[in-house]
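Shown next, in structure tokens, is the structure this report addresses.
Only heavy atoms go into these numbers, but all of them, side chains included; no hydrogens, no water, no symmetry mates. Proteins come first, then strands; the chains are lettered A, B, ... in the order of their sequence lines, and each starts at number 1.
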Amino acid sequence: AQTVTQSQPEMSVQEAETVTLSCTYDTSESDYYLFWYKQPPSRQMILVIRQEAYKQQNATENRFSVNFQKAAKSFSLKISDSQLGDAAMYFCAYRSYEIIKETSGSRLTFGEGTQLTVNP
Amino acid sequence: NAGVMQNPRHLVRRRGQEARLRCSPMKGHSHVYWYRQLPEEGLKFMVYLQKENIIDESGMPKERFSAEFPKEGPSILRIQQVVRGDSAAYFCASSRLAGGQVQYFGPGTRLTVT
């Protein structure tokens, strides 16, 4: 079974600065997807960024980028030019690539989350 | 294009009562996933359904919990004889394809058992 670990329960950053959130995972699969979701106080789960394991290039979405290290099974999220609206709980998640594995391939496995505070 | 809809947003039940949580997937999506988030924890997978079929229920508690996704209407997560430990946020997500790459989440239903 896959596991996802976020070792930083809380992080803080000054507005306009850069912060990196860590995520490691354990899997025996070679192909999979990785995601970062954001959960603001409204509790709505919002997709921030996704990465396909077979792609070597790190995904980027505006101010959000990832550092994907497949051999190290590491998937960190970098937020540049932090804004007050970035304050939220951030969850790292894993999903198998093989959709033929109907019994387990479709589920998302989440880490425990990192609470990000942005200071003005 | 409306997103995933869940209702009610908040539900209070006394111990022993039944709770019914509803989820309407995004338009064009026929795959639904339910997750539970206990206080101060991450989301945990419960069940994956397609129309009229349960595909993977390995995350569902063996007793009191059931889920369905009928041909017509929303998906329903049913919890019978609720206990205080069932208090949590229940999230529904949907995808267009089987094992669709991206799951889109609803706003969740917060269940409080008194």
Side-chain angles (χ1 to χ4, degrees), chain A residues 1-10 21 23-25 29 31-55 59 61 88-115, chain B residues 2-6 8-11 23 25-26 29-50 53-60 67 69 87-112:
Chain A
Q2 294 81 24
T3 59
V4 177
T5 302
Q6 294 178 248
S7 59
Q8 305 155 315
E10 298 176 348
L21 308 184
C23 172
T24 58
Y25 57 94
E29 298 174 335
D31 289 320
Y32 45 86
Y33 297 105
L34 295 165
F35 305 86
W36 279 97
Y37 280 89
K38 166 184 176 181
Q39 187 179 45
S42 67
R43 293 201 154 265
Q44 173 77 53
M45 293 289 288
I46 301 166
L47 178 65
V48 174
I49 198 165
R50 64 180 181 229
Q51 174 82 42
E52 292 89 344
Y54 57 85
K55 289 186 178 179
E61 286 287 343
M89 181 74 86
Y90 285 81
F91 291 100
C92 178
Y94 173 103
R95 213 219 80 193
S96 296
Y97 179 76
E98 292 186 53
I99 61 174
I100 60 173
K101 285 185 177 179
E102 288 188 337
T103 56
S104 64
S106 293
R107 69 172 66 184
L108 287 169
T109 300
F110 287 88
E112 294 301 307
T114 297
Q115 181 67 51
Chain B
V4 178
M5 299 175 66
Q6 290 187 250
R9 293 293 307 276
H10 300 276
L11 182 62
C23 168
M26 286 180 70
H29 288 195
S30 58
H31 303 267
V32 166
Y33 315 80
W34 286 92
Y35 294 85
R36 177 167 66 174
Q37 185 179 30
L38 294 170
E40 309 301 325
E41 294 188 11
L43 280 73
K44 297 289 194 296
F45 169 81
M46 299 182 74
V47 62
Y48 164 36
L49 310 103
Q50 296 176 22
N53 283 304
I54 297 175
I55 305 302
D56 178 6
E57 58 181 344
S58 57
M60 288 274 272
F69 189 15
S87 295
Y90 292 82
F91 289 92
C92 167
S94 72
S95 66
R96 187 168 62 89
L97 300 174
Q101 188 183 119
V102 178
Q103 295 179 18
Y104 296 90
F105 281 81
T109 293
R110 178 171 290 281
L111 172 65
T112 302

Flag for E29(A)-S96(A): side-chain donor and acceptor within less than 3.5 Å: yes
Under-4.0 Å salt bridge between E112(A) and K44(B): yes
Side chain, backbone, both or neither: which part of Q6(A) has an atom under 4.5 Å from a heavy atom of chain B? neither
Note: L108(A) and F45(B) closest approach over all heavy atoms is O-CB, 4.2 Å
Do Q8(A) and Y90(A) come within less than 4.5 Å of each other through their side chains, counting heavy atoms only? no
Engaged part of Q115(A) at the chain B interface, taking heavy atoms whose separation is under 4.5 Å: neither
Classify the angle between the aromatic ring planes of Y104(B) and H29(B) as parallel (below 30°), tilted (30 to 60°) or perpendicular (above 60°). tilted
Where do Q37(B) and F91(A) come nearest, in terms of heavy atoms and distance? NE2-CZ, 3.4 Å
Pick one: which of Y94(A), Y54(A), Y25(A) meets side-chain hydrogen bond (donor to acceptor under 3.5 Å, both in side chains) with Y32(A)? Y25(A)
Against chain B, residues from residues 42-50 of chain A with at least one heavy atom under 4.5 Å, in numeric order, are S42(A), R43(A), Q44(A), M45(A), L47(A), R50(A)
